[in-house]
Amino acid sequence: MNCGSQQQRENRFWELLNQFFPNAESIGSYIGGEWFIGDGSDIELYNADNGALFYSYRDASPEIIPKLNEVTKVAEAQWRAMTAADRGRLIFQVGAKIRAVSAELTELESLVGNKPIRDARGEVAKVAEMFEYYAGWSDKLHGEVIPVPTTHLNYVVYEPLGTVLQITPWNAPIFTAGWQIAPAITAGNGVILKPSELTPVTSLVLAKLIEEVGIPKGLVNVVAGYGHTIGQMMIQRCHIDKVVFVGSPNTGEQIAVAAARKGIPAILELGGKSANIVFADADYEKALRGAQNAIFGSAGQSCVSGSRLLVERIIFDQFVNDLAATTAQFQVGNPLDEATQIGPIQNQKQYTHVCKMIEQALGEGAKIPNNNVESIPSAAGYYIYPTVLVGNNQMQCAQEEIFGPVVVAIPFDTEEEAIAIANESTFGLAGAVWCRDVAKAHRVADKVRAGTFWINGYKTIHVSSPFGGYGRSGYGRSSGLEALRAYSQVKSIWVERAAEPLVNFGYGSQEK
Ligand code: NAD
């Protein structure tokens, strides 16, 4: 496929952006239905296929903060004045809107986000599904009656928190935006979303589509800018009630500190170093294919990547050699090419990090099998070879997140040892086991400390199933009913029903 010249890409970008924002002359922030161009320092976006500057825009101005505070409160009042059924109908229509423009959204995500167009298409479809799923919950978020042992009627109601600030990364921009916006507004909240400065465009379009179905302007606002500038300022100065952060552990720590200083809660969805465990009795071909998908899909730029491959020693050499040989099969190339399975690393900083981690791993004694084929289409751009490293769990490459197409293969001898290695990690986001022995598979699933675990599979996630991490992978849960609870405040209401009620003196004693 001809993926176009630099100029053609730029023209196409403007054509697509102006389809949604006809008067936009630069990337900006979308607040209360208005477009705000920043006046801060330049933010440069690069074409990862050839490393050329693609576009640059200005960081958001702090002057937007009072506007954010104003529009969210007005919109939240309008939103909560509607019936839950009406809100659900509108949320469902967001799904239909996304489906109607899925081709344009897919192209934008690939063009600006440096994401293979096949991956982008799947992720856009998932976003439609997220709004459709949560729409159904809208009028079913009822409270509960607690059978207290007193004369009272005690009931619990779930209220919106207020305004939530969501901060998201660059690896799956519209997917992550939909993942957090859909439950937040279903639970009745207003949203300020700050996508990665590297990938703000599809989140901006999503906010526009949400407004177009009749959801009040200002309920979902998107701020395009840096995290350390406008992101931090919004935590401090916006009237927000919770921060939901999806990103790296180091930034997550700073977010948690800033939220704690303000006295508001945070959810952290952070990185991982997930163990993909293969026993000798596994269906060999399926496990091999599973191991490929687990790490090389999205060029390893996925939080749940199976980046530690634990293989039972009696099949270790064969399995690792076969995995390394498959690196030649992948279509690596331009993200806009329909045939591409593995695209480049999204940005230069990440590219440099992945290269450095491979170099350090080799310095620590990790080995690359001879048949690990370098399958890169050109020397230009931020391409990294799908790489298999043979090492041990103490190496830095097995302990730190690489977030690239690099897997560390580690042998084990027993079930106990596999579990121990899997758990010898500060992370706990995901994991998997491949084996035919059902009882063993369940024992391993039970003992590995991870928020998501697959048996004879990898990477399946769905909006209806809770998602989140243990340890340094974060805290709190997204997706499913858990996300709605995370975006709600719980209130317990006590109604006295006794004809001559006693007065409480302290928690226990009651007096006339
Ligand atoms: P990052 O932490 O560098 O940035 C994430 C977001 O935080 C961006 O919007 C950025 O602008 C903002 N930010 C940066 N510094 C900030 C600060 N001081 N204050 C406020 N905001 C700030 O992460 P990244 O490189 O964009 O993304 C990759 C990471 O995201 C990986 O670690 C990956 O595992 C993780 N991730 C986790 C999940 C999950 O669900 N657990 C999903 C996707 C990605």
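Note that ligands are numbered from 1 as they come in the structure, with each ligand's atoms numbered from 1 the same way. Quick note: numbers below take in every heavy atom, side chains included, and nothing from hydrogens, waters or symmetry partners.
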field: Numbered atoms of ligand 1 (with element) below 4.0 Å of Pro195, judged on heavy atoms
entry: 9 (O)

- prompt: Is there a nitrogen or oxygen of Leu270 sitting under 3.5 Å from a nitrogen or oxygen of ligand 1?
  reply: yes

query: So which protein heavy atom does atom 22 (C) of ligand 1 come closest to, and at what separation?
result: Gly227 CA, 3.2 Å

field: Numbering as shown, the atoms of ligand 1 that approach Ser196 to under 4.0 Å (heavy-atom distance)
entry: 8 (C), 9 (O)

- request: Return the option from Trp170, Tyr226, Phe403, Phe175 holding the heavy atom at the smallest distance from atom 26 (O) of ligand 1.
  value: Trp170

- request: Would you mind checking if Lys126 and Glu129 are paired as a salt bridge, meaning a charged N to carboxylate O distance below 4.0 Å?
  value: yes

field: Pair Tyr30 and Phe21, ring centroids less than 6.0 Å apart
entry: yes

query: Is Ser110 reaching over with its side chain to a backbone N or O of Lys115, donor-acceptor style, under 3.5 angstrom?
result: yes

field: For atom 36 (N) of ligand 1, closest protein heavy-atom neighbour
entry: Cys303 CB, 3.7 Å

- prompt: Just wondering, more than 12 heavy atoms not from Glu25 lying within 6.0 Å of its CD?
  reply: no

task: Kindly identify the option in Gln254, Gln232, Glu197 whose heavy atom sits closest to atom 11 (O) of ligand 1.
output: Glu197

message: To check your reading of the model: name the closest protein heavy atom to atom 35 (C) of ligand 1, its residue, and the distance in Å.
response: Gly247 O, 3.2 Å

message: Could you tell me, atom by atom, which parts of ligand 1 come under 4.0 Å of a heavy atom of Ile255?
response: 19 (N), 20 (C), 21 (N)

query: What residue and atom, counting heavy atoms only, is the protein's closest point to atom 15 (N) of ligand 1, and at what distance?
result: Thr251 CG2, 3.2 Å

query: So between Ile230, Asn171, Val243, whose heavy atom ends up nearest atom 43 (C) of ligand 1?
result: Asn171

message: For Trp137 and Tyr133, take the angle between the two ring planes, folded into 0 to 90°, and tell me which bin it lands in: parallel under 30, tilted 30 to 60, perpendicular over 60.
response: perpendicular

- prompt: Looking only at heavy atoms of Trp179, does any of them come nearer than 4.0 Å to an atom of ligand 1?
  reply: yes

- prompt: Can you list the atoms of ligand 1 that are under 4.0 Å from a heavy atom of Gly271?
  reply: 32 (O), 34 (O)

- prompt: Under 4.0 Å from any heavy atom of Phe467, which atoms of ligand 1 are there?
  reply: 40 (O)

message: Starting from atom 27 (O) of ligand 1, what is the nearest protein heavy atom, named by residue and atom, and what distance separates them?
response: Pro169 CB, 3.1 Å

query: In terms of ring plane angle, is the pair Tyr55 and Phe13 parallel, tilted or perpendicular, where the classes change at 30° and 60°?
result: tilted

- request: Please confirm whether the backbone N or O of Lys447 pairs with a side-chain atom of Asn423, one donor and one acceptor, at under 3.5 Å?
  value: yes

field: Salt bridge Glu424-Arg308, side-chain N to carboxylate O under 4.0 Å
entry: no

query: Please state which protein non-hydrogen atom is closest to atom 12 (C) of ligand 1 and give its distance, to 0.1 Å?
result: Ile167 CG2, 3.6 Å

message: Which of the numbered atoms in ligand 1 are under 4.0 angstrom from any heavy atom belonging to Val246?
response: 5 (C), 37 (C), 38 (C), 39 (C), 40 (O), 42 (C), 43 (C)

- request: Flag the pair Glu400 and Arg472 as a salt bridge only when some basic side-chain nitrogen lies within less than 4.0 angstrom of an acidic carboxylate oxygen.
  value: yes

Close side-chain approach of Tyr46 to Asn347, heavy-atom, < 4.5 Å: no

task: Among all protein heavy atoms, pick the one closest to atom 8 (C) of ligand 1 and tell me residue, atom and distance.
output: Thr168 O, 3.3 Å

- request: Determine yes or no for a side-chain-to-main-chain donor-acceptor pair under 3.5 angstrom, with Ser478 supplying the side chain and Ala483 the backbone.
  value: no

- prompt: Given that the side chain starts at C-beta and the backbone is N, CA, C, O, which of these parts of Glu401 lies under 4.0 Å from ligand 1, counting heavy atoms, or is it both or neither?
  reply: side chain

message: Just so I know, are the side chains of His239 and Thr163 near enough to count as touching, which here means a heavy-atom distance under 4.5 Å?
response: no

query: Which of the numbered atoms in ligand 1 are below 4.0 angstrom from a heavy atom of Ser248?
result: 1 (P), 2 (O), 3 (O), 23 (O), 29 (C), 30 (O), 32 (O)

- prompt: Is the side chain of Trp454 donor-acceptor paired with the backbone N or O of Thr460 at a distance under 3.5 Å, no angle test?
  reply: yes

- request: Please could you name the atoms of ligand 1 that Phe245 approaches to less than 4.0 Å, counting only its heavy atoms?
  value: 2 (O), 5 (C), 6 (C), 7 (O)

